[in-house]
2 protein chains.
Amino acid sequence: MPPRQVLIAVIGTGGVGKAFLSQLATLSTRLAAAPTPTALSLIYLSRSTSALQSPDYTPLALPADLSNAPAPLALSDLAAWLAAAPAPAVLVDNTASNVVAESYPTFLSKGVNVVTPNKKAFSGAEDLWERIVAAASSVGGGQVLHESSVGAGLPILSTLTELVGTGDKVKKIEGVFSGTMSYLFNQWNPVSGEAGPSFSACVSKARNLGYTEPDPRDDLNGLDVARKCTILARLAGLKVRDAEAFPTQSLVPKELEGAESAEAYLEGMKKFDGEMETLKNDAAKEGKVLRFVGSVDVVGGQVKVGLEKFEKSHPIAALKGSDNIISFYTERYGDNPLIIQGAGAGGDVTAMGVTGDLLKIIKTLH
Amino acid sequence: MPPRQVLIAVIGTGGVGKAFLSQLATLSTRLAAAPTPTALSLIYLSRSTSALQSPDYTPLALPADLSNAPAPLALSDLAAWLAAAPAPAVLVDNTASNVVAESYPTFLSKGVNVVTPNKKAFSGAEDLWERIVAAASSVGGGQVLHESSVGAGLPILSTLTELVGTGDKVKKIEGVFSGTMSYLFNQWNPVSGEAGPSFSACVSKARNLGYTEPDPRDDLNGLDVARKCTILARLAGLKVRDAEAFPTQSLVPKELEGAESAEAYLEGMKKFDGEMETLKNDAAKEGKVLRFVGSVDVVGGQVKVGLEKFEKSHPIAALKGSDNIISFYTERYGDNPLIIQGAGAGGDVTAMGVTGDLLKIIKTLH
């Protein structure tokens, strides 16, 4: 019996993309040697300006050299080409692109599977989300998995999907969903109570270590966490218009939203250190620490993102480093939630979520 | 297009079995109404003394009344009957039976899938384990999933399988794998440091609350934890002869192993409360608490089960109620492990793991 064929098209060759290609190589070797072998063929690889395309759906020669490659296919042409392939195909979107995200319904409705860490499609406009769900659940539609869009490789979305799929009632989801926010608050307001550097100094340090976006406002405005909460809320069954449809506390002061550079912002932050210190002291008076959390109240239909106070013994307070944590409060689990924690960012663990999703889809393809 | 058919045979109608049948009913309704519908048919249901069997692979009438039903089929006959069915079949073993466990290779080699919370097959003799792996990976073999054999519905085995499957290197697995042991030590040696009842009094109380086996020695001898560690070690790639092939600390004193009743054992325990108190005080001198843990050192190839001391801030020390916790230390996750915690026992959450496994297998069946 010839091996089952699965064809892979990858968009994006950044940090996650590179880590994924490395994991794909290992996975291909393993699956080719299995008692019931599967042949994974990388047949398309693109970055923003260039792409390699197999002429006849046979595997690309590796390592791929994109330097002199032609321009990428239009996404609709890529979808049509993959849909016409002689074996099931999976699009792996390792970008953070809105444009690619908006094309998922096209791929899915043609029976092409999609796996991605890209949050955009699932946390954007409700209409796009609904078209994705409809395309994926239509007869002959492709499957879509995006574990790494929340908490990187941590088994968060798969767990939520299984809770819902097996009939549990999810009541509330709460957690720290940003590695950057986790690091900042674990440093600035540790449970040990030690007085450390000011909040602005913590942000500058985190930026120097590469733990923030190049402009830290992209972390501190809370939108990244709001996007992740949107995804969780939708998978839990809530209707959410988009990631701006509920209260999100931005830690970027109004006056600094327009600061012309990251440096000007960091300098301007110093003026607000006193305000942050007051919040921290108020929490300390109750024996608590501040953390930046997202919560989805499924029963009440409320989503919110912002600072909350936690007892020092609470698992959210006790988090370390830049770890993420998520608590699922459900009917079956009762008072003590199901908790998952660990690194929620980084190329290897993010790629792991993508590779894991790919494996799950491969198992369903004959 | 007629719905896809999946045939289900269930053995066992105890606590987990009943909870599973309830979840199966809900799942059947949901899958029947999906855009691409799947028809789940319960075609066989047995307990130790009686069984209902569909005459022609059509669904049994529900609710099933086993009271006047004939004796169960021999397992080999059941396997042959399911293998001859006109649609894919799944055996759901909701027992703790060794005999059923030993029959898995027969079912799997005939292409019948197996899902179960029963630990016996995966923690028993290495030969049985190897025959199960061989049958499941042979061409045309059935799939076997047993999430609930460790930590009930917590996503422990699926996470371990995905870490390994995507190429991470698991270095060490450590945790509290027994709800009973978790409850006992959280009560007897809380992080708050309060002096509470003696160890024997804690055991008696736990037994009265139904948190232990009828004879608490079946929890306190450590074998249940050793079985779970055997399963984890094997999935992580270690060869383990059986659950008695590595050091397991029994908390049942030698003198009481032969006590003729649970009551006699509980009475005899009082004599040993002083020894336990000494261990607790020794830990307290280091600012630590005692917990009963299992650990799998994958790098060193060592498995062990027993009492360990933990800093009060350690997630294992901070556990609540009868929760389980598991930490995966891996190459990708670095110093901070991937941690999963929550209820690891109880009919509903155990059945959830079984139902989740069934769902995973259904997704792969066309």
Side-chain angles (χ1 to χ4, degrees), chain A residues 1 22-23 25-27 30 34-36 134 137-141 143 147 153-155 158-159 162-163 165-168 191 313 315 318-323 325 327-328 331-343 346 348-349 351-356 358-360 363-366, chain B residues 1 22-23 25-27 30 34-36 134 137-141 143 147 153-155 158-159 162-163 165-168 191 313 315 318-323 325 327-328 331-343 346 348-349 351-356 358-360 363-366:
Chain A
M1 199 166 65
S22 160
Q23 292 179 20
T26 310
L27 182 67
R30 187 168 71 78
T36 312
S137 56
S138 66
V139 176
Q143 299 171 65
E147 183 64 82
L154 296 174
S158 56
T159 298
E162 185 156 317
L163 288 166
T166 60
D168 201 356
V191 284
S313 64
L319 213 56
K320 285 181 182 156
S322 57
D323 277 3
I325 186 168
S327 302
F328 294 102
E331 191 168 278
R332 285 189 198 134
Y333 278 93
D335 293 337
N336 289 352
L338 190 171
I339 298 177
I340 297 169
Q341 73 177 77
D348 281 344
V349 294
M352 182 177 95
V354 179
T355 308
L358 176 62
L359 249 178
K360 289 191 180 94
K363 282 193 188 143
T364 69
L365 303 173
H366 285 224
Chain B
M1 201 164 71
S22 161
Q23 293 179 20
T26 309
L27 182 66
R30 188 169 70 78
T36 312
S137 56
S138 66
V139 177
Q143 300 171 64
E147 183 63 82
L154 296 173
S158 55
T159 298
E162 185 156 316
L163 289 165
T166 61
D168 199 357
V191 284
S313 64
L319 213 56
K320 285 181 181 153
S322 56
D323 278 3
I325 187 170
S327 302
F328 294 102
E331 191 168 277
R332 286 190 196 133
Y333 278 92
D335 292 338
N336 289 352
L338 189 171
I339 298 177
I340 296 169
Q341 71 177 79
D348 282 344
V349 296
M352 184 177 95
V354 179
T355 308
L358 175 63
L359 251 178
K360 289 192 180 94
K363 283 194 188 140
T364 69
L365 303 173
H366 287 224

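Here is how names work: the chains are called A, B, and so on, in the same order as the sequence lines, proteins then strands, and each is numbered from 1.
Nearest heavy-atom pair, A:Pro35 versus B:Ser137, reported as atom, atom and distance to 0.1 Å: CB-O, 2.9 Å.
Using a 4.5 Å cut-off between heavy atoms, A:Ala343 touches chain B through backbone and side chain atoms alike. In this structure, chain B has a heavy atom under 4.5 Å from the side chain of A:Thr159, while its backbone stays farther away. A:Arg332 touches chain B through backbone and side chain together, each having a heavy atom under 4.5 Å away. For A:Asp348, the parts lying under 4.5 angstrom from a heavy atom of chain B are both the backbone and the side chain.
The shortest distance between side-chain heavy atoms of B:Lys363 and A:Lys363 does not fall below 4.5 Å. Residues A:Leu154 and B:Leu338 form a side-chain contact, since some pair of their non-hydrogen atoms from C-beta on lies under 4.5 Å apart.
Atoms OG1 and CG, on B:Thr166 and A:Leu358 in that order, are 11.0 Å from each other to the nearest 0.5 Å. Taking OG1 of B:Thr355 as the start and CD of A:Glu162 as the end, the distance is 8.5 Å to the nearest 0.5 Å.
Contacts of B:Gln341 classified as side chain to side chain donor-acceptor pair (under 3.5 Å), with partners at least two apart in sequence or in another chain: none. Taking A:Ser327 as the reference, nothing meets the side chain to side chain donor-acceptor pair (under 3.5 Å) condition, with sequence neighbours excluded.
The greatest number of non-hydrogen atom pairs below 4.5 Å with chain A, out of B:Ser138, B:Gly342, B:Pro315, B:Gly356, is found for B:Gly356. Note on A:Asp323, A:Thr26, A:Leu27: by heavy-atom pairs under 4.5 Å with chain B, the leading option is A:Asp323.
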